[in-house]
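To keep things clear, I will list the structure first and then write my remarks on it.
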Amino acid sequence: MGLGASPLCPQGGPADTNTALSPQPWPRPLPRTNGLETWQSRPSPSRMELRMSGSKRKSSGDVAGTAKKRHAITMETKVKIIERVERGEKMVDVAHSYNLNRSTIGSIVKNKDKIMEHVKSAMPMTSTIITKKRGKVMEEMEKLLSVWMQDQRQRRVPLSLMLIQEKAKSLYEDLKKKHGEESEGKSFNASRSWVHRFKARAKLHNVKVSDKAASTDTIAAREFPETLREIIDEGAYLPEQVFNVDETGLYWKRMPDRSYISKEEKLMPGYKASKDRLTLLFGGNASGDMKLKPLLVYHSENPRALKNIAKGSLPVVWKSNPKAWVTQAIFQDWFFHHFIPEVEKYCLEKDVPFNILLLLDNAPGHPPFMDDFHPNVKVVHLPLNTTALIQPMDQGVIATFKKYYLRHTFRQAVKASDESGTTLRQFWKDYNIYKAIKNIDFAWSEVTAVTMNGVWKNLCPKFVHDFRGFEKMDEESKEVFSNLVTLSEKLELDLQEDDFIELLAVQHEELTNEDLMELEAQRKDEEGQEEEEATEEPKRFTTQEMARGFALFEEALLVFEAQDPNVERYTKVAAAVQNAIQCYRVIYDEKKRATTQTSLDRFYKRVDRIKSSKEPEPVPSTSGVSEIATCPPSPTADDPSALPSPTSSSSSSQ
């Protein structure tokens, strides 16, 4: 090896031949002196030499064998350090007592204000870091934004990053005005990184956020019907076996904006009843002759209007969710306990195989892998962003229902005004969720089989009986709006067809900032109300009240008998009324028999007490049995005719 740079001489220059051929190891260190290694007279190895030898430069602590490990300092220790420095102790002495560097003590003292503010906020003294305290406005804004985002998902509205950022900034500014938070003067930009952190805090991992706003997929909507036709042909499904269900929101107590009821409510402080919303799930089959019992999801499990009313007796499937949404748990419960039994019973009555094809959109409340739920139900999901174009329930069923609901509500208001002089203002004040449920039932029953069948035109035209169904729906729609205008005139409301069209369009709009704030306030108010209502007694029949009801029926029939010259007509009506209330008479008779038996038991016990009181030493149970056995029978028990009639029960009970 000639002249060149030695591996141990990075500077270059002549190297010893022997050294180059056989590199010598580093010289051994001399014995330690004062805890430090003393090397032979040689310069310290350079960085390149250390890299080549595979070692790193060691700190003095490492060399001494006393390496310091980083450890967290609790708030309690930091407070003690601050107190000692404030008492006049030197930072060097304090650092030595805690085995810390002097610079660490300096940093703690420098951040004294932040540390003390953190401690005053009732945070654990064992914590080791200062968490940034988030303002009231920011916390409330994120809570409302979470509700808004999930509501958008429920309505299958795609979320873009820009849309979320704009909504967050809008909510933040409105909440600052509401709370007067000028102190939070920092501008809030809703950056991209903040959106991702917010999603993690709110556990919105399943919410997909795209950089661009999505639009309706017309290509998929055009191609899917052919795919569905192949599925139907392969499974040999009949129109009676193909079902579709869909959710919709309903502002059940909302008037057109130009009505004085709506204007007055806007001026009133507090929660607006017109903003109260529930979710309904409607469904039916392609033949149009099977309408499922509606699923209703409300934000309160036990509203005041439903106290003492059995939920199972309602004409809807009653469920509750704090935000009135159809969750996966609610949908799954509905599927197993309501959809399956209803459809199976229908198939049995129609004598068709219980082999069902269920079409669903991609709403977040629909559980994934629903094909595994039941062996007789195949679930097919519609393509994304095609609901408005091909989903049957969205092609006219839901819109028709809402028109009928509105018309029936206005008819009730007119009827109350004509019969009892109730003002519209009072009628609307008394209109509650129970009355709304009954109107929902009436409106759903008005949706015809022609409508239920005609809405399959875009998705499965071969199942449609009459392609003029849409024309009939348009005619019915015009008739409904005409009726609404006429009814509004009777209620002295200056409303036109456009006002009702606008009201129905509002049902599909997103929640405004004001809506979100008011709904949150309403849910807080109802938390206390539900606890109070839980103690209420359930409804029950009493013989006295039932007898009073029968007497009122008899009195009403006498009123008509006194006026009707047609005896045959009156006889038919009276028979129909008696037949209609026969179910109540059965209940009444059972209660009367139970009451009579209880009275007899008391009678026997009283005789037993009289007999035993005369005997100084009562005999055990045998004598009691003989006394009861020899007790004379009750004339009432022997003679059924002696039982009081319903109309005289009030006197007999006294």
Side-chain angles (χ1 to χ4, degrees), residues 143-159 164 199 202-209 214 243-252 276-284 291-301 311 314 316-343 356-374 377-388 390-395 397-398 401-402 440 444 507-511 515-516 519 523:
K143 184 186 295 184
L144 298 182
L145 182 64
S146 174
V147 173
W148 175 81
M149 287 178 65
Q150 293 182 64
D151 182 71
Q152 293 290 89
R153 287 187 69 222
Q154 288 290 328
R155 298 189 302 110
R156 297 171 292 282
V157 177
L159 288 168
I164 295 172
K199 278 186 63 183
K203 298 180 180 179
L204 299 173
H205 308 294
N206 296 326
V207 178
K208 295 181 181 179
V209 178
F243 282 78
N244 171 239
V245 298
D246 188 30
E247 300 91 342
T248 184
L250 177 68
Y251 290 100
W252 59 274
D276 200 4
R277 188 173 66 162
L278 52 84
T279 299
L280 289 164
L281 181 142
F282 292 114
K291 290 190 295 184
L292 297 168
K293 186 177 183 178
L295 167 67
L296 187 153
V297 185
Y298 196 51
H299 54 73
S300 171
E301 174 62 25
K311 306 293 194 306
L314 295 172
V316 296
V317 179
W318 176 271
K319 296 293 177 182
S320 66
N321 172 274
K323 299 178 179 67
W325 293 334
V326 176
T327 62
Q328 291 190 9
I330 289 175
F331 190 90
Q332 184 169 327
D333 178 85
W334 167 84
F335 179 85
F336 283 111
H337 296 106
H338 300 280
F339 177 75
I340 294 296
E342 277 190 72
V343 174
I356 303 303
L357 177 63
L358 177 60
L359 303 176
L360 296 175
D361 59 19
N362 294 274
H366 299 164
F369 313 115
M370 283 191 62
D371 262 344
D372 302 334
F373 281 9
H374 199 282
V377 180
K378 178 179 179 61
V379 177
V380 174
H381 289 275
L382 301 174
L384 289 170
N385 306 322
T386 60
T387 295
I390 60 175
Q391 176 153 249
M393 293 300 113
D394 268 353
Q395 301 307 303
V397 171
I398 291 174
F401 157 79
K402 290 182 177 179
I440 288 170
W444 183 233
Q507 307 281 352
H508 305 283
E509 291 180 359
E510 69 176 69
L511 295 173
D515 295 339
L516 290 166
L519 288 173
R523 278 189 283 273

Working to the nearest 0.5 angstrom, can you tell me the gap between I356 CD1 and I340 CD1?
8.0 Å
Under the side chain to side chain contact (heavy atoms under 4.5 Å, CB included) test, which residues partner K293, sequence neighbours left out?
V317, E342
Can you name the side chain to side chain contact (heavy atoms under 4.5 Å, CB included) partners of H381, sequence neighbours left out?
L360, N362, V379
Search all heavy atoms of H366 against all heavy atoms of Q328 and return the closest pair with its distance.
O-NE2, 4.1 Å
Test log, rule side chain to side chain contact (heavy atoms under 4.5 Å, CB included), inputs D361 and T386:
CA-CA 8 Å; D361 59 19; T386 60; over 6 Å; no
Nearest 0.5 Å, what's the CG-NE2 distance between D276 and H299?
3.5 Å
Between Q395 (side chain only) and A388 (backbone N and O only), is there a donor and an acceptor less than 3.5 Å apart?
yes
For F335, enumerate each residue passing the ring-ring contact (aromatic ring centres under 6.0 Å, His included) test, keeping only those at least two apart in sequence or located in another chain.
F339, F373
At what distance, to the nearest 0.5 angstrom, does CD of Q332 lie from NE2 of H337?
9.5 Å
Let me confirm one number: the CD1-CD distance from I398 to Q391, rounded to the nearest 0.5 Å.
7.5 Å
Please step through side chain to side chain contact (heavy atoms under 4.5 Å, CB included) for the pair I440 and F401, ending with a clear verdict.
CA-CA 8 Å; I440 288 170; F401 157 79; 3.9 Å; yes
In the structure I gave you, are the side-chain heavy atoms of V397 and D246 within less than 4.5 Å of one another anywhere?
no
Is there a side-chain contact between H338 and L295, using heavy atoms and a 4.5 Å cut-off?
no
Is a side-chain donor or acceptor of N244 paired with a backbone partner of M393 at a separation under 3.5 angstrom?
yes
Tell me if a side-chain donor or acceptor on W444 pairs with a main-chain N or O of L292 at a distance below 3.5 Å.
yes
If you draw the axis of the six-membered ring of W334, does the NZ or CZ of K319 fall within 45° of it and under 6.0 Å from the ring centre?
no
From F282 CZ over to K291 NZ, what is the distance, rounded to the nearest 0.5 angstrom?
9.5 Å
Should V297 and L281 count as side-chain neighbours, where that means a heavy-atom distance under 4.5 Å?
no
Which class fits the ring pair Y298 and W318: parallel under 30°, tilted 30 to 60°, perpendicular over 60°?
tilted
